Amino acid sequence: MSNLAAEPEFEQAVHEISSTIEPFLAAHPEYRKAFEVVQIPERIIQFRVTWERDDGSVAVNRAFRVQFNSALGPYKGGLRLHPTVNLSVLKFLGFEQIFKNALTGLSMGGGKGGSDFDPKGKSDNEIRRFCYAFMLELSRHIGADTDIPAGDIGTGGREIGFMFGAYKKYQNEFAGILTGKGDDWGGSFIRPEATGYGLVYYVTEMLRDLDNTDWVGKRVLISGSGNVAQFAALKVIELGGHVLSFSDSTGALIATDGVGFTPADIAAIADVKLRRQALTAFQHDGRFEWHEGQRPWTLFESADVALPSATQNEVSEDEAKALVAAGVRYVAEGSNMGCTQEAIDVFEATRKQCTSEGETAGVTWYAPGKAANCGGVAVSGLEMGQNSQRLKWSHQEVDAKLKDIMITCYTNCRETGKTYVRDSAIPSLVSGANIAGFVKVAKAMLDQGDWWISGK
Ligand code: NDP
């Protein structure tokens with residue numbers, strides 16, 4: 001077993017899953033061995049990346065690929081480029097990815113990778129040189145039937161393009177070895193939008209089940225201002241909701257007029273972020289308030305939905321209490337492990353108070369990232385399918401499949417939660433997601449001899 005104490009993010013992810021799958025393990029103790037086995041990555045590749053700065057000097061970064069679990073299919077998961085990247089972060093992300101990918105219903109194992117390279121303040125040429133140097137080593141370990149990385153924080157369409165171009169040159173092979181590719185060279189329609197759109201499709205089901213309602217007029221708090229945040233916001237607006245906040249690593253920008261951000265504002269924010277600038281560079285004629293160094297969660301007296309969409313651990317216990325006090329009914333993570341364990345406990349406690357059908361006042365219903373944000377990897381899976389067939393599906397076709405996957409994922413979480421955890425009239429989506437994802441992976445590992453049940 002790995003030294004968990006040295007890997008706080010990974011330890012947190014393991015704890016979150018182990019605490020919620022306990023009802024299943026109590027009923028099926030033979031699966032405890034599978035949980036022990038699944039915590040250890042099948043393989044970790046660790047390497048250095050040396051690249052040349054514009055001034056000719058040499059820079060060096062650490063890079064990793066965690067090939068965590070291939071029981072359901074080739075390793076699949078994004079590449080994060082951010083100074084906070086280390087093995088603990090990538091193991092937590094890869095571990096979550098195993099179960100998330102299982103919840104999409106597609107044939108994908110779990111992996112994650114990246115580097116502590118910081119794209120901020122780098123020229124396009126420096127980013128290109130880094131991506132080429134990164135792929136020089138990574139290209140030996142990935143492949144269309146082995147491991148298919150994708151984007152994540154700091155890795156958008158531009159970086160995927162550079163990495164794909166590098167792989168093609170090194171291997172002399174035009175293959176579906178990355179997802180999130182450009183529309184004209186193997187990419188799928190809706191991949192950039194998929195995580196944000198999928199998140200909103202997932203919450204659409206929650207809105208209907210808990211309050212028999214939809215997005216019209218809902219006041220929505222979003223953190224982050226990158227890929228996931230932007231497309232979640234655009235879909236919320238399209239469905240009639242009001243987006244009242246964005247944020248980045250420097251602070252939060254909030255709307256106090258109740259109307260919120262428009263699609264034109266979001267296009268301008270996307271432009272700012274593509275230039276790797278802070279949100280303060282967004283020009284808005286004083287329509288929004290800037291809160292330096294803050295996150296949006298404590299800045300509103302009332303709201304309906306919160307969608308953390310920046311990074312891990314971006315909702316603390318106190319912030320969770322502030323969201324509950326503001327009457328927020330739904331919290332769904334666009335980011336991976338967006339809420340701390342303490343924050344999840346706050347939300348889950350409100351759910352547990354609801355002991356009879358119909359009495360749902362005061363509930364803040366929580367959906368974990370591995371379910372609510374699985375739309376991104378789901379469309380990556382659809383991109384892999386299109387690449388294998390050398391076909392391209394239309395926008396409408398991919399969007400319809402994404403919606404279908406999100407609805408099936410939600411129903412799976414809700415029904416599994418209902419089956420195994422009977423602590424409230426409202427199902428625990430976090431327990432449901434973890435149990436459903438784990439059982440599927442553990443059964444495949446059992447079939448493949450990664451663990452076995454004595455005497456059977
Ligand atoms: P982007 O790089 O496009 O955007 C990230 C956003 O989060 C930026 O606004 C960034 O601010 C902010 N951010 C990053 N780190 C921090 C930090 N330490 N503190 C505060 N803010 C921070 O990434 P994505 O939108 O792609 O990813 C956001 C989250 O969604 C991540 O958790 C990712 O793992 C998850 N996710 C992404 C998927 C995808 O398809 N892209 C799929 C599933 C999950 P700044 O600009 O200042 O750096």
Side-chain angles (χ1 to χ4, degrees), residues 103 190 193-223 228-246 255 257-263 265-266 296 300-309 323-324 326-334 338 347 350-351 354 357-369 371-376 378-379 395-396 398-415 417-418 425-430 432-433:
L103 290 170
I190 309 284
E193 296 89 341
T195 309
Y197 280 16
L199 173 66
V200 174
Y201 295 153
Y202 192 96
V203 178
T204 303
E205 301 305 299
M206 296 169 72
L207 286 160
R208 204 202 39 232
D209 270 359
L210 188 63
D211 289 321
N212 194 21
T213 186
D214 58 25
W215 287 94
V216 176
K218 296 292 179 298
R219 297 155 303 169
V220 182
L221 312 184
I222 296 183
S223 65
V228 178
Q230 291 165 24
F231 286 108
L234 287 169
K235 187 53 86 176
V236 166
I237 295 167
E238 183 190 321
L239 297 177
H242 302 285
V243 173
L244 302 185
S245 70
F246 283 108
D257 59 1
V259 177
F261 293 83
T262 63
D265 293 326
I266 296 167
F300 292 85
E301 281 177 7
S302 72
D304 303 301
V305 182
L307 305 176
S309 302
L323 289 173
V324 172
V328 168
R329 289 285 272 175
Y330 307 89
V331 176
E333 292 172 344
F347 301 136
T350 69
R351 185 187 59 76
C354 173
E357 205 82 38
E359 285 176 22
T360 67
V363 170
T364 303
W365 204 14
Y366 165 74
N373 73 31
C374 78
V379 174
H395 276 101
Q396 292 77 0
V398 179
D399 196 30
K401 287 183 199 293
L402 169 63
K403 207 175 276 181
D404 199 41
I405 287 170
M406 296 314 297
I407 292 171
T408 306
C409 170
Y410 166 77
T411 309
N412 190 5
C413 296
R414 186 193 60 198
E415 294 307 311
K418 263 190 203 167
I426 301 173
S428 168
L429 295 175
V430 59

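These figures come from a predicted structure and were not determined experimentally.
The ring-ring contact (aromatic ring centres under 6.0 Å, His included) check on Phe246 picks up Phe261, with sequence neighbours excluded. In this view, Asp304 and Arg219 satisfy the salt bridge (charged side-chain N to carboxylate O under 4.0 Å, His left out) rule, not counting sequence neighbours. Scored by the side-chain hydrogen bond (donor to acceptor under 3.5 Å, both in side chains) test, Thr262 finds Asp265 as partners (sequence neighbours excluded). Partners of Asp399 by side-chain hydrogen bond (donor to acceptor under 3.5 Å, both in side chains), not counting sequence neighbours, listed by chain and number: Tyr201. Residues passing the side chain to side chain contact (heavy atoms under 4.5 Å, CB included) test with Thr195, sequence neighbours excluded: Arg191, Val228, Asn373. Taking Glu359 as the reference, nothing meets the salt bridge (charged side-chain N to carboxylate O under 4.0 Å, His left out) condition, with sequence neighbours excluded. Taking the side-chain hydrogen bond (donor to acceptor under 3.5 Å, both in side chains) definition, one finds that Thr213 meets it with Lys218, sequence neighbours left out. A search for side chain to side chain contact (heavy atoms under 4.5 Å, CB included) contacts involving Leu234 returns Phe231, Pro263, Ile266, not counting sequence neighbours. By the side chain to side chain contact (heavy atoms under 4.5 Å, CB included) test, Thr350 pairs with Val324, Val363, Thr364, sequence neighbours left out. Listed by chain and residue number, Glu415 satisfy the salt bridge (charged side-chain N to carboxylate O under 4.0 Å, His left out) test with Lys418 (two or more places apart in sequence, or in another chain). Legend: residues meeting side-chain hydrogen bond (donor to acceptor under 3.5 Å, both in side chains) with Glu333, ordered by chain and number and at least two apart, are Tyr366.
Closest of all the heavy-atom pairs between Ser223 and Pro308 is OG-CA, 3.2 Å. Heavy-atom minimum distance, Val379 versus Ala194: CG2-CB, 3.5 Å. The two residues Ala232 and Val200 have their closest heavy-atom pair at O-CG2, 3.5 Å. Nearest heavy atom pair, residue Phe300 against residue Ala255, reads CE2-O, 3.7 Å. The minimum heavy-atom distance linking Ala433 with Pro368 is given by the pair CB-CG, 3.9 Å. Across Ser309 and Leu199, no two heavy atoms sit closer than the pair OG-CD2, 4.0 Å.
Sorted by first then second residue, the salt bridge (Lys or Arg N to Asp or Glu O under 4.0 Å) pairs that include residues 203-217, not counting sequence neighbours, are Glu205-Arg208, Asp209-Arg414, Asp211-Arg329.
For the atom pair Cys409 SG and Leu103 CG, the distance stands at 4.5 Å (nearest 0.5 Å). Considering CG of Leu429 and CE of Met206, their distance stands at 5.0 Å, rounded to 0.5 Å. Between the CD1 atom in Ile190 and the OH atom in Tyr197 there is a gap of 6.0 Å [rounded to 0.5 Å]. Separation of atoms CG (Leu402) and CD1 (Ile407) is listed at 9.5 Å; rounding is to 0.5 Å.
You'll find the side chain of Leu323 reaches within 4.5 Å of the side chain of Phe347, heavy atoms only. In this structure, the side chains of Pro296 and Ile222 stay at 4.5 Å or more apart for every pair of heavy atoms. You'll find the side chain of Val305 reaches within 4.5 Å of the side chain of Trp215, heavy atoms only. Arg351 places none of its side-chain heavy atoms less than 4.5 Å from the side chain of Pro427. In this structure the side chain of Thr360 never reaches within 4.5 angstrom of the side chain of Trp365, judged on heavy atoms.
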_For a side chain to side chain contact (heavy atoms under 4.5 Å, CB included) check, start with the C-alpha distance between Lys235 and Glu238, then their side-chain angles and the critical distance, and finish with the verdict._
CA-CA 5 Å; Lys235 187 53 86 176; Glu238 183 190 321; 3.2 Å; yes
